Protein chains: 2
Amino acid sequence: MTPPDTHIDAETALDHAPAGHKDELRLWLRMLSCARLIEAEIRRRLRAGFDTTLPRFDFLAQLERAPDGLTPGEISRRMMVTGGNVTGLAARLEEEGLIERRVVREDRRAVTLRLTPQGRREFARQSAAHEQWVAELLKGLSTTDRTSLLRLLDRTRRSVRSAISEGEA
Amino acid sequence: MTPPDTHIDAETALDHAPAGHKDELRLWLRMLSCARLIEAEIRRRLRAGFDTTLPRFDFLAQLERAPDGLTPGEISRRMMVTGGNVTGLAARLEEEGLIERRVVREDRRAVTLRLTPQGRREFARQSAAHEQWVAELLKGLSTTDRTSLLRLLDRTRRSVRSAISEGEA
DNA sequence: CCATAATGCTTGAAGCCTAAAATGTTTTCG
DNA sequence: CGAAAACATTTTAGGCTTCAAGCATTATGG
């Protein structure tokens, strides 16, 4: 089956709160549907245009920014995914010749992963297209809108982080 | 391995644009990191508190809103996932006794899925907690912030939708 | 009528993701 | 020194997700 094309609005679809803190829920559901919409479109285009996936793309992006390579653990932290996940992704990307692994002299537990020249070329193509796509999808927002949104999302993130760390304490 | 707790900011981590439409990219990366942060926390709590997952929760939420039940195809459209996905989720939820399937008299291809009494009880518990969690995570935002954010996200969604439908045309 | 298309759902293969256990290595400290 | 703790990575088992192919049923049009 292909992804459904008769979209019922995801916010409406997911809405299921009877009463109470309804405003916050509404906000969260809207943010979620918005992010999922963009993310799904980018995944679609990555697949159609480059036969790749978002996790692979993000993985390469990490390595692009680190010319000396990164350890799996470091990538795991930066991508906010588990270590086992990185192992699998790295295996496939290595298989495809986009990254290479190198043993670390001073710590035999660790390895570093880095882009191959082919991986670097490939990522450059993907990255350029990706940037275009995002610009295209968000072109309906004014400069003011973008600035406000950026600031509000920052506040949101801070709110969430502080709520999480309070809970842990 | 447990999820990484030393978070490097996801926006910083994913940022990889050299130049050009950098503003839009920055905005998208921030929205993504924000949504993922919240979503990850909710998944964590659903697992810890109810030993369930977000897809399961969303699935039950759909059925809660439809007392007469829904067909897999309808759920697939509402959840914006593929049909095969629904089949698997439904199988597990039925196995757990939270939903039941019923053949449709007038169309023998179709089935309807509906909550069992147990499923309804269970979802009620989960839903109440979920609403609390979201309120807690977003409590750092003022009423004004929430209103603005809601409006800006709506504009964003419209921008994305129109960009997507233009591309299809 | 009946062949064909469309529809509703399931299956299978492959990738993504997590939690937990296992393996090998380095560090700590008594 | 040597045992125990900490660390880096991989493995394993299981759930989530997609795409593509397949099966059964219903609708359509010559």
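Keep in mind that this is a model prediction, so the values were computed, not measured.
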(Q) What is the distance, to the nearest angstrom, from the CG atom on L54(A) to the P atom on dC16(D)? (A) 20 Å
Q | Value in whole Å for how far the C1' atom of dT10(D) lies from CG of L113(A) | A | 13 Å
Q) For residues 46-57 of chain A, which residue pairs qualify under salt bridge (charged side-chain N to carboxylate O under 4.0 Å, His left out), counting only residues two or more places apart or in two chains? A) R56(A)-E96(A)
**Q.** D58(A) CG - dC17(C) C1' separation (whole Å)
**A.** 14 Å
(Q) Using the side-chain hydrogen bond (donor to acceptor under 3.5 Å, both in side chains) criterion, which residues pair with E39(B)? Sequence neighbours excluded. (A) R43(B)
Q. Can you list every pair that meets salt bridge (charged side-chain N to carboxylate O under 4.0 Å, His left out) and has a residue in residues 137-152 of chain A, with sequence neighbours left out?
A. K139(A)-E166(B), D145(A)-R155(B), R146(A)-E24(B)
Q. To the nearest angstrom, how far is I75(B) atom CD1 from dC9(C) atom C1'?
A. 12 Å
Q: Return the nearest nucleotide to the side chain of T53(A); candidates are dG15(C), dT18(D), dC16(D).
A: dG15(C)
Q: Can you tell me the distance, in whole Å, between the CE atom of M80(A) and the C1' atom of dT18(C)?
A: 15 Å
Q.
Contact list please: residues 89-97 of chain B against DNA chain D, heavy atoms, distance less than 4.0 Å, in numerical order.
A. L89(B), R92(B)
Q.
Applying a 4.0 Å non-hydrogen cut-off, can you work out what V111(B) is touching in the nucleic acid: base, sugar-phosphate, or nothing?
A. sugar-phosphate
Q: Could you identify which residues of residues 101-110 of chain A place a heavy atom less than 4.0 Å from some atom of DNA chain D, listed by residue number, or say none?
A: R101(A), R109(A), A110(A)
Q) Over how many whole Å does the gap from F59(A) atom CZ to dC16(C) atom P extend? A) 11 Å
Q: Using modelled atom types only, decide if a donor and an acceptor are shared between the side chain of T71(B) and the backbone of V111(B) within a distance under 3.5 Å.
A: no
**Q.** Residues forming a salt bridge (charged side-chain N to carboxylate O under 4.0 Å, His left out) with R92(B), sequence neighbours excluded
**A.** none
Q) Can you find a side chain N or O atom of T87(A) that sits less than 4.0 Å from OP1 or OP2 on dT11(D)? A) no
Q) Given atom CZ of R43(A) and atom P of dC16(C), what is their separation to the nearest angstrom? A) 10 Å
**Q.** Donor on one side chain, acceptor on other, Q132(B) and E136(B), under 3.5 Å
**A.** no
Q | Residues that R105(B) engages under side-chain hydrogen bond (donor to acceptor under 3.5 Å, both in side chains), provided they are two or more places apart | A | none
Q: May I ask you to verify if any side-chain N or O of R56(A) is less than 4.0 angstrom from the OP1 or OP2 atom of dC16(C)?
A: yes
(Q) So, does N85(A) get its side chain near the phosphate of dT18(C), meaning an N or O under 4.0 Å from OP1 or OP2? (A) yes
Q: Quickly work out the E74(A) CD to dA8(D) C1' distance and round it to whole Å.
A: 12 Å
Q) R121(B): what forms a salt bridge (charged side-chain N to carboxylate O under 4.0 Å, His left out) with it, not counting sequence neighbours? A) none
Q) Excluding sequence neighbours, so at least two apart, what forms side-chain hydrogen bond (donor to acceptor under 3.5 Å, both in side chains) with R109(A)? A) D107(A)
